[in-house]
Amino acid sequence: MNERTKAVKAAMNFALKTDYHKTLATATPAELHTALSRSLVGVITDDWQKSREQHLNARHALYFSAEFLVGRAIFNNLLCLGLTKEVDEMMRAEGVSLADLEQVEDAALGNGGLGRLAACYLDSAATLELPLDGYGIRYRYGLFKQQIDNGFQKEVPDDWTKYGDPWSIRREDETVLIEYGCRTVRAVPYDMPVLGYGTDHIGTLRLWQAEPVEPFDFVRFNNQDYDGSVAEKNRAEDISRVLYPNDSGDEGKVLRLEQEYFFSSASLQDMLRQYKKRHGNDFSQFAALHAVQLNDTHPVLAIPELVRLLMQEGLDFEAAFAITRGVFSYTNHTVMPEALETLPRHLLERAVPGLYPIIEKIDGKLRQELSEKGVPGDVVGRLSITRDNCAHMADLAVFAGRYVNGVARLHTEILKNRVLRDWYSVYPERFQNKTNGVTQRRWLALCNPELAALLTRLLGSDRWLTDLSALTELTRYENDEAVMREFLAIKRTRRGEFADWLQKTHGITVDPTRLFDVQIKRIHEYKRQFLNILAVLELYYEIKEGQLNDFKPTTYFFAGKSAPGYRRAKAIIKLIGEVARVIENDPQVRQKLRVVFVPNYNVSCAEYMVAAADVSEQISTAGTEASGTGNMKLMANGSVTLGTLDGANVEIVEEAGESNNYIFGAHVEEINDRANDYNPHGIYESDGRVHRVMDALVNGTLNDGGSGDFRELYDSILHGADWQRPDQYYLMLDFGRYLDAKKQVNRDAQDELAFAKKGWHNICMCGKFSSDRAIAEYARDIWQIEKVK
Ligand SMILES: *Cc1c(COP(=O)(O)O)cnc(C)c1O
């Protein structure tokens with residue numbers, strides 16, 4: 001046992017004894033997890049403090065994000081410390097093991113891609129020794145847990161700190177106060193270490209928790225008004241109670257706004273306090289020392305807030321705004337117009353009265369500056385931040401920031417040509433592309449140890465862990481049958497591991513010798529799970545009728561959550577379950593084709609599924625998915641992509657070749673050209689396959705439990721609704737081409753070796769999609785930060 005492991009063991013024994021009166025041998029998995037995590041935090045404390053000082057003393061970057069989907073920390077941190085094997089052996093000697101900790105659930109402080117990206121970026125920056133820290137909200141409840149109840153999604157609270165939160169350190173002494181219109185709350189920071197791989201450099205994720213100034217109202221309690229005595233406390237705690245509260249009504253909108261202001265203001269106050277310790281009241285170096293990245297528009301209130309805070313320090317508006325303009329940059333994550341956040345003026349004035357006058361001042365500045373540049377009046381009007389009595393957050397971020405970036409090449413082009421076109425015409429130099437990436441530590445090394453070992457052996461070193469492009473060298477094994485057989489065996493192993501997990505956690509049995517085709521992501525109309533399940537239904541009919549005889553047995557997996565109030569997405573979940581049921585009841589077809597919905601998709605589930613998958617479904621309507629990152633995780637694990645030319649798929653096939661992937665469907669240009677004369681009903685009338693699968697929704701074949709949901713889905717395609725055109729995501733347009741591509745994948749998969757070669761080529765060419773590459777680009781082109789010494 002090495003020195004570090006000895007120290008960990010001693011610390012674990014001490015913690016188990018003092019906290020639980022237990023030993024390694026008698027502790028529960030949750031207790032072991034807490035004790036081991038606390039012990040590791042102890043081991044890294046000195047390095048962590050040193051890194052923190054280094055960040056504060058150099059130009060450094062701060063990642064402001066309403067979401068950080070970090071997933072389970074323990075295995076990743078052991079990997080980074082190089083202690084996985086040692087600690088496992090030490091625990092095994094006591095009759096327990098690291099595998100026991102699999103049962104401990106992970107924190108889901110994010111919805112999906114955007115939050116997971118933030119987590120990958122912190123991981124990469126720590127590994128690259130770049131001074132980047134994260135700021136966000138410590139939600140009491142993270143994203144809901146999804147249960148499937150009679151085929152319908154049911155949401156239950158995710159009490160992620162139920163067994164404690166051993167990776168966080170509460171920093172009571174660094175509490176700040178947040179002033180709202182009618183009250184003040186405390187923001188208490190909790191710090192999580194972000195370990196780099198192969199370095200002792202450690203970043204910090206600081207999450208703010210909302211607490212009342214007074215724990216309860218003593219006088220009211222004494223007067224026996226018990227509910228009233230904690231009303232203020234509850235109101236304060238509501239601010240960090242849940243991730244994305246329902247904001248369909250004004251009360252919900254105000255709460256959202258209060259959340260956004262809460263972590264923006266707390267983080268800036270924290271930065272200013274640290275700055276003042278070093279530079280006193282001379283703010284001239286503030287912009288030179290800080291780069292803030294706004295992850296989508298959620299933290300954009302930080303812009304007027306920094307102006308306000310600097311004015312409170314005695315600067316005038318001009319001086320404060322000049323500094324502010326040197327600090328922020330903004331990442332756009334969506335081209336959906338409805339997702340470009342606008343905050344109604346009356347709600348802003350109610351929740352944070354101090355900010356609206358500043359937003360108006362910034363708008364005045366915008367009008368002045370654009371006129372000086374000779375921008376025509378109608379364009380200035382379109383760009384105004386306060387038009388229509390709302391604050392337009394994306395416009396504010398572009399105007400008052402340094403740079404704006406899209407998250408894949410195609411997405412950035414769409415921003416320039418369509419979504420932010422007027423801005424691009426005025427400030428073209430502010431626009432950048434930063435194609436997303438994922439960390440290969442979690443999404444390859446940790447989730448697929450067998451594949452990782454093979455890559456390391458063939459490469460003669462594990463340098464791909466910090467230089468993913470090194471894998472290109474391994475293309476030379478494509479024609480090496482022994483290596484391809486080994487790769488196939490690894491895929492088989494991973495399918496088996498996933499099957500075991502699925503059995504254990506959800507009681508679902510699957511056959512790991514089949515082809516695994518996966519579509520795993522949030523459920524959304526634009527992502528088109530609906531198209532996938534319709535095509536699977538068509539395959540079912542064709543197999544049943546004997547038209548499709550050479551079909552390799554395949555299981556089509558779906559996993560993902562729907563927003564709680566999103567009726568159609570919930571209907572799609574029910575539909576997937578119904579198609580699964582119809583096939584299950586058909587003993588003949590069941591041998592060839594199965595559909596499985598995996599409940600409660602989260603990071604840990606994703607880790608199993610990306611390693612097990614053979615085919616990666618990335619079938620969003622061209623022009624709708626900004627980038628995607630699930631596509632990258634699956635590529636790195638040797639899946640072939642069955643996808644449209646959308647988001648980062650474009651770059652994935654550019655790297656790995658169209659011949660190693662399955663690209664189908666309308667391109668952005670075709671969609672744009674067709675927009676005015678598109679007639680889905682015509683396709684339904686003329687294509688018997690489309691007709692039959694659509695009719696199954698309403699003729700009693702598929703049962704929506706009397707909810708009317710399937711009729712509504714049917715109408716959404718063929719008739720539209722008063723607020724939208726029929727089939728706005730072009731399912732009918734792509735159906736035939738998609739079905740052909742799906743069959744082609746299946747035919748090709750029958751030649752195992754040839755198919756393995758395609759998957760292998762994808763692994764070898766995935767280097768571009770490392771978040772290390774992405775973060776190095778942000779550091780160089782946007783933040784101008786350098787490695788700490
Ligand atoms: C990667 C990931 C996502 C994003 O998936 P996309 O396919 O890019 O939409 C969402 N949720 C979880 C849990 C993930 O790990």
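We count ligands from 1, going down the list as the structure has it; atoms in each ligand are counted the same way. Values below: all heavy atoms of this structure, side chains included; hydrogens, waters and symmetry mates excluded. Positions are given from 1, in the same order as the sequence printed here. The shown structure was predicted, so the numbers you read here are calculated from the model rather than taken from an experiment.
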Task: Selected option - heavy-atom contact closest to atom 9 (O) of ligand 1, from Glu607, Glu625, Lys527, Arg522 - done: Lys527
Task: Donor on one side chain, acceptor on other, Asn602 and Lys145, under 3.5 Å - done: no
TODO: Flag Gly113 as yes when one of its N or O atoms lies below 3.5 Å from any N or O atom of ligand 1, and as no otherwise.
DONE: no
Open item on the list: Ignoring hydrogens and geometry beyond distance, is a side-chain donor-acceptor pair present between Ser770 and Gln440 at under 3.5 Å?
Closed with: yes
Open item on the list: Checking the N or O distance criterion of under 3.5 Å, is ligand 1 in contact with Lys521?
Closed with: yes
Open item on the list: Looking only at side-chain N and O atoms, does Gln519 offer a donor or acceptor that is under 3.5 Å from a partner on Lys527?
Closed with: no
Open item on the list: I need the atoms of ligand 1 closer than 4.0 Å to a non-hydrogen atom of Asn602, numbered in the order shown.
Closed with: 13 (C)
TODO: Considering only non-hydrogen protein atoms, determine which one is nearest to atom 5 (O) of ligand 1 and report residue, atom name and distance to 0.1 Å.
DONE: Gly630 N, 3.8 Å
- [ ] Could you list the atoms of ligand 1 found under 4.0 angstrom from a heavy atom of Trp443?
- [x] 15 (O)
Open item on the list: As a check for students: among Met632, Arg116, Lys633, identify the option with a heavy atom nearest to atom 15 (O) of ligand 1.
Closed with: Lys633
Task: Pair Asp740 + Lys743: basic N to acidic O under 4.0 Å - done: no
- [ ] Could you list which atoms of ligand 1 come closer than 4.0 Å to a heavy atom of Ala606?
- [x] 15 (O)
Task: Side chains of Ser620 and Glu625, donor plus acceptor under 3.5 Å - done: no
Open item on the list: With heavy-atom distances below 4.0 Å as the criterion, list the atoms of ligand 1 near Thr629.
Closed with: 1 (C), 4 (C), 8 (O)
Open item on the list: Which of the numbered atoms in ligand 1 are under 4.0 angstrom from any heavy atom belonging to Gly628?
Closed with: 8 (O)
- [ ] Pull out every atom of ligand 1 sitting under 4.0 Å from any heavy atom of Gly112, numbered as shown with elements.
- [x] 10 (C), 11 (N)
Task: Heavy atom of the protein closest to atom 12 (C) of ligand 1 (residue, atom name, distance) - done: Tyr601 CE2, 3.6 Å
Task: Proximity to ligand 1 by part of Ile520, non-hydrogen separation under 4.0 Å - done: backbone
